[in-house]
Each structure stands twice: as structure tokens, then as C-alpha cells.
Amino acid sequence: MDFNVIIIGAGPGGIFSAYELRKRNPELKVAVFEAGHALHKRSCPIDGETVKSCIGCKSCSIMSGFGGAGAFSDGKYNITNDFGGNPVRVHR
Ligand SMILES: Cc1cc2nc3c(=O)[nH]c(=O)nc-3n(C[C@H](O)[C@H](O)[C@H](O)COP(=O)(O)OP(=O)(O)OC[C@H]3O[C@@H](n4cnc5c(N)ncnc54)[C@H](O)[C@@H]3O)c2cc1C
């Protein structure tokens, strides 16, 4: 199948890019490829009892998969750098 746009990664950046592209041009064929698991299969094995720390899963369900690193955040999406800073600013 042919696509007009291929997006690598279904984190917030990829999902919102696909959403905005289709909103502006519904004719666009947009594909999003994600290396991690589908949302319903994202589960970290750490349970605090039998698995107490990271066991290095091939695909980390906390950081990868549909929804990206933010899938298990508390739901607020920060679009400001008022806190956290600006990563391109160099402090001397
Ligand atoms: C634990 C945690 C809690 C957070 N809580 C908040 C919060 O409450 N509020 C907030 O605003 N932000 C929060 N963040 C930050 C937020 O998650 C990130 O800013 C956001 O996820 C970045 O989005 P992104 O799309 O740029 O990248 P990512 O979310 O990292 O998405 C990139 C995706 O690309 C996939 N990928 C990478 N390489 C490939 C490849 N070669 N092929 C296919 N797929 C690939 C990855 O698997 C991943 O799913 C949190 C982050 C973490 C880790």
C-alpha cells in the first residue's frame, strides 16, 4: 500500500502528527509504525514482590508502545517548558 506520510513512533508526537495531518487533509494516507506493544499489551512485570526491579524487557512497556512514554502518566499533558527548562539553552 502507498502512503503519503509515514510516521515512525506512536508516542504523543507521532499520534498528534497523524491526527493533525488527517484533520487538515482527510485524503492523506498516513501510516504510523510503532516498535513497542499495543496499548492493551503494555504491562511492566515489576510487581514489587517476585519482580522487584527492571529485568530489561526487549520492549519496555513503560517507555515504548502505542501512546509512547506518556501512556502511563497521570493524564495531564504539559506543553510548556516553564518548568523543566529549555534543552537547547546552554548555561555557562
Ligand atoms: C514515567 C513518565 C511519566 C511522564 N509523565 C508525564 C506527564 O504527566 N505529563 C507530561 O506532559 N509528560 C510526561 N512525561 C513525558 C512525556 O511522556 C514525553 O514528553 C512524551 O512521551 C514524548 O513524546 P514523543 O512522541 O516525542 O516520544 P515518545 O513518547 O518517546 O514516543 C516515541 C515512540 O516511538 C517508538 N519508536 C522509537 N523508535 C522506533 C522505531 N525505530 N520504530 C518504531 N517505533 C519506534 C517508541 O517505542 C515510542 O513509543 C512522562 C514520561 C515518563 C517516562
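Atoms within each ligand, like the ligands themselves, are counted from 1 in listed order. Bear in mind the structure is a predicted one, so any value in this text is a computation, not a measurement.
- Using a 4.5 Å cut-off on side-chain heavy atoms (C-beta onward), Ser64 and His37 make no contact.
- The residue from Ser64, Gly11, Pro12, Gly68 that puts a heavy atom closest to atom 23 (O) of ligand 1 is Pro12.
- Within ligand 1, counting atoms from 1 as listed, the ones closer than 4.0 Å to a heavy atom of Met63 are 53 (C).
- Of the polar atoms of Ile8, none of the N or O atoms is found under 3.5 Å from an N or O of ligand 1, judged by distance alone.
- For ligand 1, one of its N or O atoms has an N or O atom of Ala35 under 3.5 Å away.
- Taking 4.5 Å as the limit, some side-chain heavy atom of Val30 sits within range of a side-chain heavy atom of Ile7.
- Val32 and Ile6 fall into different hydrophobic clusters, where Ile, Leu, Val, Met, Phe, Trp and Tyr residues are linked whenever their side-chain heavy atoms come under 4.5 Å apart, directly or through other members.
- Numbered from 1 in the order shown, with element, the atoms of ligand 1 that lie under 4.0 Å from a heavy atom of Phe33 read 43 (C), 44 (N).
- The SG atom of Cys57 sits 12.0 Å away from atom CZ of Arg42, with the distance rounded to the nearest 0.5 Å.
- Residues Phe3 and Leu28 are not in side-chain contact: their nearest non-hydrogen atoms beyond the backbone lie 4.5 Å or more apart.
- Atoms of ligand 1 found under 4.0 Å from any heavy atom of Gly13, numbered from 1 in the order shown, are 24 (P), 25 (O).
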